[in-house]
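Below is one structure, written out as structure tokens; comments come after it.
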Amino acid sequence: IGISLDGRTERANAHRSVKSGASCLELFNGNIKKYGDFLRRRAGIVCTLSKRNIEEFPKFVLWLQRLGIKGVSLSPLMPAGKGTQIANDFISSEELIGLFDRLISMVKNKEINNISVESINKFVSSLVRIRANDLCHANPCGAGGNFLAIDSKGNYRACDCVYDDYFLLENNETNCILNERTKILSR
């Protein structure tokens with residue numbers, strides 16, 4: 001189950017509209033109290049990044065982690081649909097890269113240790129390669145060949161979908177990553 005929520009404040013969620021008139025944040029807070037066990041097991045958060053929430057996003061991730069939510073997926077506000085009317089809220093590439101740097105640091109420092117921030121690797125890959133590519137739908141599998149995942153314990157992995165030790169890179173030193181990825185490709 002994907003729950004759309006852009007932050008811990010009403011300001012962060014201002015672009016989200018709900019037919020009932022309640023805010024996304026109000027609904028989430030009510031539902032986590034009422035259905036918390038179910039949501040912790042079966043739900044993840046889908047977050048759109050904008051000028052309204054990018055600064056507080058790391059604290060948002062920690063808040064979700066404290067609540068027991070296991071995953072958050074992020075994507076920047078895009079100039080499509082409702083986004084065409086709110087262009088002043090788009091974030092720059094530099095802001096997005098800065099956020100990724102902060103999140104990666106939080107994983108390495110073990111602040112983020114029990115929640116998956118899923119789109120970090122996909123957006124870093126897109127920035128490096130200058131084109132979007134969702135490897136989960138690639139055929140054949142792109143594990144170890146096109147991207148790198150960092151799990152919630154700070155381990156480097158060749159796959160962000162299957163958390164089997166088969167995809168765990170044995171050496172977490174950055175300068176050894178390419179050699180480790182080559183070993184996986186040769187398997």
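Since this is a predicted model, take the numbers as computed values, not measurements.
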Exercise. With a 4.5 Å heavy-atom cut-off, do Met106 and Leu62 have their side chains touching?
Worked result: yes
Problem set entry | Residues which pass side-chain contact (heavy atoms from CB on, under 4.5 Å) with Asn109, listed by chain and number, not counting sequence neighbours | Ser105, Glu111
Problem set entry | Where Glu95 and Ile91 come nearest, the two heavy atoms and their spacing | OE1-CA, 3.2 Å
For this session: Hey, could you give me the CG/CG distance between Leu74 and Asn53, rounded to the nearest 0.5 Å?
Result: 9.5 Å
Problem set entry | From CA spacing to verdict: side chain to side chain contact (heavy atoms under 4.5 Å, CB included), Leu77, Lys51 | CA-CA 9 Å; Leu77 179 65; Lys51 296 264 188 215; over 6 Å; no
Exercise. Which residue pairs pass the salt bridge (charged side-chain N to carboxylate O under 4.0 Å, His left out) test when at least one of the two sits in residues 68-77, sequence neighbours left out?
Worked result: none
Exercise. Out of curiosity, Ile115 CD1 to Ile45 CD1, how far, rounded to the nearest 0.5 Å?
Worked result: 7.5 Å
Problem set entry | With Lys59 via side-chain hydrogen bond (donor to acceptor under 3.5 Å, both in side chains) - residues at least two apart | none
For this session: Can you measure from CG (Asp6) to CD (Glu56) and round to the nearest 0.5 angstrom?
Result: 9.5 Å
Problem set entry | By side-chain contact (heavy atoms from CB on, under 4.5 Å) - contacts of Glu10 (at least two apart) | Ser23, Leu25, Glu26
Exercise. Is there a chain of hydrophobic side chains (I, L, V, M, F, W, Y, each step under 4.5 Å between heavy atoms) that links Phe60 to Leu96?
Worked result: yes
Exercise. Which heavy atom in Pro76 sits nearest to a heavy atom in Thr48, and how many Å separate them?
Worked result: C-CG2, 4.1 Å
Seminar exercise, completed: To the nearest 0.5 Å, atom CZ of Arg11 lies from atom OG of Ser50 at 7.5 Å
Problem set entry | Linked, directly or transitively: Val46 and Leu103 (ILVMFWY side chains, under 4.5 Å) | no
For this session: Find the distance between CZ (Phe28) and CD1 (Ile32) and round it off to the nearest 0.5 Å.
Result: 4.0 Å
Problem set entry | Contact check, side chains of Asn13 and Ser4, non-hydrogen atoms, under 4.5 Å | no
Exercise. Which heavy-atom pair separates Val72 from Cys47 by the least distance, and what is that distance?
Worked result: CG2-CB, 4.3 Å
For this session: Enter the distance from Leu5:CG to Arg8:CZ here, rounded to the nearest 0.5 Å.
Result: 11.0 Å
Problem set entry | Partner residues of Arg52 under the side-chain hydrogen bond (donor to acceptor under 3.5 Å, both in side chains) criterion, sequence neighbours left out | His15, Asp89
For this session: For Arg42, enumerate each residue passing the side-chain contact (heavy atoms from CB on, under 4.5 Å) test, keeping only those at least two apart in sequence or located in another chain.
Result: Phe38
Exercise. Are Val117 and Val61 side-chain neighbours, meaning at least one heavy-atom pair lies under 4.5 Å?
Worked result: yes
